[in-house]
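What follows is a single structure, written as structure tokens, with notes after it.
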Amino acid sequence: MKTNVLAPETLNDWFDEAGRDLPWRRPETTGWGVLVSEIMLQQTPVVRVLPIWSEWLARWPKPSDLAAATAAEVLRAWGKLGYPRRALRLHAAAAAIANKHGDVVPSDVDTLLALPGIGAYTARAVAAFAYGLRAPVVDTNVRRVVARAVHGSAEAGPPSTTRDLADVDALLPQDDAEAARYSAALMELGALICTARTPRCVDCPVLADCAWQRAGRPAYAGPARQAQRFAGTDRQVRGLLLDVLRAAPGPVERARLDLVWRQDAQRDRCLDSLLVDGLMEQTEDGLFALPGEA
DNA sequence: CAGCCGTGGGG
DNA sequence: TCCCCAAGGCT
């Protein structure tokens with residue numbers, strides 16, 4: 001049996017000492033609080049999530065509270081966190097939890113996976129962090145830590161959910177509570193020490209055993225990832241359009257939206273896609289509004 | 001499975 | 001300045 005470079009005792013001890021005191025990690029945080037944090041944290045830095053998460057939990061302490069809000073209220077409260085479809089999916093998930101699960105966030109991974117906006121990562125993160133269960137929690141941090149410490153590669157290869165889950169499952173201790181803490185520790189190590197750009201290896205608790213370190217820190221050899229452009233994309237235009245509605249007290253005229261982007265065809269396409277996605281609605285007199293306030 | 005879906009800060 | 005990236009999910 002191979003020894004685990006990322007030994008649970010080592011990681012958990014380090015986490016006890018160096019882990020951040022984030023509000024959604026506090027013992028009094030409910031499953032709902034954890035779920036909200038996980039959705040907000042998807043592709044979004046912690047510092048930007050912190051204030052919004054606090055507002056949401058104070059305003060909507062239970063899933064049924066969020067479910068009772070209008071989509072317009074939800075989207076305004078989401079603000080500029082980005083990827084606003086996450087807010088709509090969380091809104092829908094809250095309704096499902098309120099109606100079908102007794103207003104309690106499920107702890108079962110498969111049940112969680114059936115909810116909108118909850119995928120392989122988030123389902124297991126909720127099971128582990130909200131309910132202390134043993135579940136392989138694989139995010140970009142964990143993938144990077146495992147790639148380096150275990151496989152000796154500078155970066156993680158292309159993601160494969162099946163393989164990644166099995167990879168991390170093999171590292172997890174058997175005990176539920178210990179495994180859950182270990183999952184948090186693994187993520188935290190990637191977030192604070194084993195970072196993407198310039199890892200702080202001098203502070204790493206597993207430096208001596210790290211396979212990447214032992215191999216002489218070889219450069220990444222895998223396929224180059226495609227750079228994600230933003231300027232000029234539909235994503236940018238949609239963001240500009242939606243921002244007009246978020247900032248407005250109510251429905252706005254088409255002319256207001258026309259101001260945010262010069263190219264008619266692209267603007268029209270984006271406007272249409274926002275309507276299709278349910279991120280905005282058109283009133284009977286042709287004005288545009290956030291959904292639920294028309 | 002590759003491409004798409006926001007936003008802003010740091011190197 | 002520009003580019004990269006930050007607790008992914010969905011089609």
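Sequence lines set the chain letters: A, B, ... in the order given, protein chains first and strands last, and positions in each chain run from 1.
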Name all residues meeting the side chain to side chain donor-acceptor pair (under 3.5 Å) criterion together with [X]; count only those two or more places apart in sequence or in a different chain, and write none if there are none.
{"X": "A/D108", "answer": "A/T111"}
{"X": "A/R85", "answer": "none"}
{"X": "A/D209", "answer": "none"}

Distance, [atom1] atom - from [M] to [N], rounded to whole angstrom:
{"N": "C/dA7", "M": "B/dG3", "atom1": "P", "result": "23 Å"}
{"N": "C/dA6", "M": "B/dG6", "atom1": "C1'", "result": "12 Å"}
{"N": "B/dG8", "M": "C/dG9", "atom1": "P", "result": "23 Å"}
{"N": "B/dC1", "M": "C/dT11", "atom1": "C1'", "result": "10 Å"}

For [X], answer base if it contacts any base atom (sugar-phosphate contacts may also be present), sugar-phosphate if it contacts only those atoms, and nothing otherwise; contact means non-hydrogen atoms under 4.0 Å.
{"X": "A/W24", "value": "base"}
{"X": "A/R20", "value": "base"}
{"X": "A/L22", "value": "base"}
{"X": "A/R229", "value": "sugar-phosphate"}
{"X": "A/A125", "value": "nothing"}

- Query: When you match A/S160 and A/S273 each to their closest nucleotide on DNA chain B, which lands nearer the 5' end?
  - Reply: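 Here A/S160 is the residue nearer the 5' end.
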- Item | salt bridge (charged side-chain N to carboxylate O under 4.0 Å, His left out) involving A/D103 - partner list, sequence neighbours excluded |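 With sequence neighbours excluded, A/D103 shows a salt bridge (charged side-chain N to carboxylate O under 4.0 Å, His left out) to no residue whatsoever.
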By ring-ring contact (aromatic ring centres under 6.0 Å, His included), which residues pair with [X], not counting sequence neighbours?
{"X": "A/W24", "answer": "A/W53"}
{"X": "A/W14", "answer": "none"}
{"X": "A/W32", "answer": "none"}

- Message: Below 4.0 Å from chain A heavy atoms, what is the first contacting nucleotide of DNA chain C and what is the last?
- Response: C/dC3 to C/dC10
- Note on the structure: Per-nt protein contacts along nucleotides 6-11 of chain B (heavy atom under 4.0 Å; B base, S backbone sugar-phosphate only, - none) come out as BBB---
N/O donor to acceptor pairs below 3.5 angstrom from side-chain atoms of residues 245-253 of chain A, sequence neighbours left out:
from	atom 1	to	atom 2	distance (Å)
A/R246	NH1	A/G79	O	3.4
A/R246	NH2	A/D243	OD1	3.2

- Query: Is there a residue in residues 134-141 of chain A whose heavy atoms reach under 4.0 Å of DNA chain C, and which residues are they?
  - Reply: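 DNA chain C contact set from residues 134-141 of chain A: A/D139, A/T140, A/N141.
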- Check the side chains of A/Q42 and A/T122 for a donor-acceptor pair under 3.5 angstrom, ignoring hydrogens and angles.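 Result is yes, a qualifying pair exists.
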- Message: Within the 3.5 Å criterion, strictly below it, is a donor on A/T195 or A/R200 matched to an acceptor on the partner's side chain?
- Response: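 There is no such pair between these side chains.
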- Return the 5'-most residue of the pair A/L115, A/L41 with respect to DNA chain C, ranking by each residue's nearest nucleotide.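 Taking each residue's closest nucleotide, the earlier one in sequence belongs to A/L41.
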- Apply side-chain contact (heavy atoms from CB on, under 4.5 Å) to A/P173 and list each qualifying residue two or more places apart in sequence or on a separate chain.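 Residues passing side-chain contact (heavy atoms from CB on, under 4.5 Å) with A/P173: A/P8, A/E178, A/A179, A/Y182.
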